[in-house]
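Protein chains get the first letters and strands the later ones, always in sequence-line order, with residue 1 at the start of each. As a basis for the values below, the full set of heavy atoms in this structure was taken, side chains included, without hydrogen atoms, waters or symmetry mates.
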Amino acid sequence: MKTSEVPQDNGMIGEYGREVCYAVDDEGRYTLAASLGWEAKNIVNDQAWEVIVQETALAHRLVQQGELSPIAYYQARNQMDLGLLARYVGMARWRVRRHRRPEVFNRLPERILLRYAKVFAISIAELRTVPATFTAELVRQRP
Amino acid sequence: MKQHIAFSHRQSAHCESGVTANLLRHHGIHCSEAMAFGIGEGLFFAYLPFLRVNHLPLTTFRGPVGSIFAKVTTRLGVKVQRRRFHRESAAMEALDEGLARGLPIGCQTGAFWLPYFPPAFRFHFNMHNLVVIGREEDDYLISDPVFEEVVRCHRDDLQRARFAKGALAPRGAMYWLESVPSQPDMAAAARQGLRATCRTMLSTPLPLVGVRGIRFLAGRLERWQQRLGRESALLHLGQLIRMQEEIGTGGGGFRFMFAAFLQEAAQLLQLPELARVSERMTHVGDIWREFAVCGARMCKGRDRDGDSFAGLAATLRRCADEEQAVYRQLLEVVR
């Protein structure tokens with residue numbers, strides 16, 4: 001890749017600055033060249049986020065239909081699978097799986113809820129509900 | 001509480017090689033990122049379908065986390081200290097103690113919890129490295145090599161990131177340089193790194209690793225669409241391109257960084273042939289980029305005539321052939 005070919009396709013980095021990549025200058029010497037991003041990378045990054053958005057949207061719908069507890073929604077929003085969430089809250093997977101059932105979730109004591117709220121960086125009140133409508137922005141932006 | 005260590009922050013393409021080079025420079029050893037990458041045997045390839053990231057197979061273009069730092073310091077005779085922790089508070093106290101001694105401290109962290117990361121990059125990815133270089137009250141000053149400037153991060157966020165969970169959890173890992181030799185033999189280290197990289201890529205006795213791994217992946221990729229269906233095949237492809245380009249590789253799955261290393265090594269070892277091999281390696285990187293462009297087009301549904309999984313597999317095989325020739329030539333040049 002020549003320095004003149006270093007792509008400048010903004011997409012992922014936004015106003016966070018630029019990244020560097022290795023490119024060859026006119027004399028054939030390697031230099032570090034700043035790049036704003038690359039279309040190919042933007043596409044596959046968007047693809048990854050699209051999957052996360054879809055999974056979160058599904059969890060949101062199931063919570064609203066009363067089939068899962070809000071834990072399922074926040075779990076998906078934080079890109080966690082069952083094993084990862086269990087590690088973060090320090091409980092066995094089967095317990096977390098149980099807590100994803102609404103009838104179990106509604107009887108959970110505050111100290112258990114607090115453990116989930118801390119991991120998701122939200123309040124207990126927020127943990128008890130999910131946003132009324134789901135938008136893709138909810139997944140991308142976090143506190 | 002205020003503490004600033006005079007640390008020259010240099011932005012780099014990849015976190016671990018950048019951290020290694022910056023730490024060495026702080027202790028008086030001049031070493032570029034590319035040189036650290038080469039000495040540390042950063043270049044690698046493995047396709048590991050039994051390891052899953054987001055339910056998709058893992059492809060890696062670099063060695064295991066921590067190995068660049070470990071190999072560079074061993075080969076240069078630098079003494080390092082490493083620690084891991086059970087208690088989070090102990091990890092933060094140890095960090096403060098290190099700073100109080102005036103030492104820049106390298107940390108392994110997860111990317112998901114670092115608030116200064118652009119949102120698009122926030123995945124559960126536990127192989128990030130950074131250097132803590134100061135503290136102002138509850139904010140730490142961090143030389144994160146993939147960022148342009150020194151960044152700030154709140155103590156709580158840093159603590160979270162250092163204790164990210166999941167695959168390859170850092171468990172608060174931190175490391176610093178204890179003592180450095182006055183005249184490290186860079187040339188011998190570069191030679192060692194170069195030879196080891198070539199041998200790994202050419203003759204690891206596993207079909208999933210090195211140039212054999214690239215060919216194995218080509219064979220798998222060719223059949224993805226029949227085996228998995230179009231949609232899943234494209235997800236597999238997208239993940240592969242992300243691993244190649246996104247995770248701080250400096251472009252072309254580290255191939256350009258390695259070519260930059262070869263160019264530097266040509267001078268260091270007084271072997272002008274290495275400069276010519278570097279050009280060949282640049283060409284290999286360009287083929288990898290071609291692969292990414294074509295694959296991304298398919299992911300986006302903007303296929304052009306001739307874009308197909310079979311075509312991508314052919315491109316991969318070209319990469320494998322070219323790389324194999326490069327490594328063989330290198331082994332001949334660096335006897």
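- What you find for B:P118 and A:M12 is that their closest heavy atoms are CB-O, 3.8 Å.
- Contact annotation for A:V20: both backbone and side-chain heavy atoms come within less than 4.5 Å of a heavy atom of chain B.
- Only the side chain of B:Q263 comes within contact range of chain A, judged by heavy atoms closer than 4.5 Å.
- Contact annotation for B:L234: both backbone and side-chain heavy atoms come within less than 4.5 Å of a heavy atom of chain A.
- With A:E19 contributing its side chain and B:V146 its backbone, the two residues share no donor-acceptor pair below 3.5 Å.
- Relative orientation of the A:Y30 and B:F256 rings is tilted, given thresholds of 30° and 60° on the angle between their planes.
- Using a 4.5 Å cut-off between heavy atoms, A:V51 touches chain B through its side chain atoms alone.
- The minimum heavy-atom distance linking B:R302 with A:I43 is given by the pair NH1-CD1, 4.4 Å.
- Chain A forms the most heavy-atom pairs under 4.5 Å with one residue out of B:N54, B:L235, B:I241, and that residue is B:L235.
- At a 4.5 Å heavy-atom cutoff, the contact between B:A164 and chain A is made by backbone and side-chain atoms alike.
- Chain A forms the most heavy-atom pairs under 4.5 Å with one residue out of B:A169, B:A292, B:A296, B:G295, and that residue is B:A296.
- In this structure, no portion of A:E50 lies under 4.5 Å from any heavy atom of chain B.
- At a 4.5 Å heavy-atom cutoff, the contact between A:K118 and chain B is made by backbone atoms alone.
- The greatest number of non-hydrogen atom pairs below 4.5 Å with chain A, out of B:E264, B:E33, B:E149, B:Q239, is found for B:E33.
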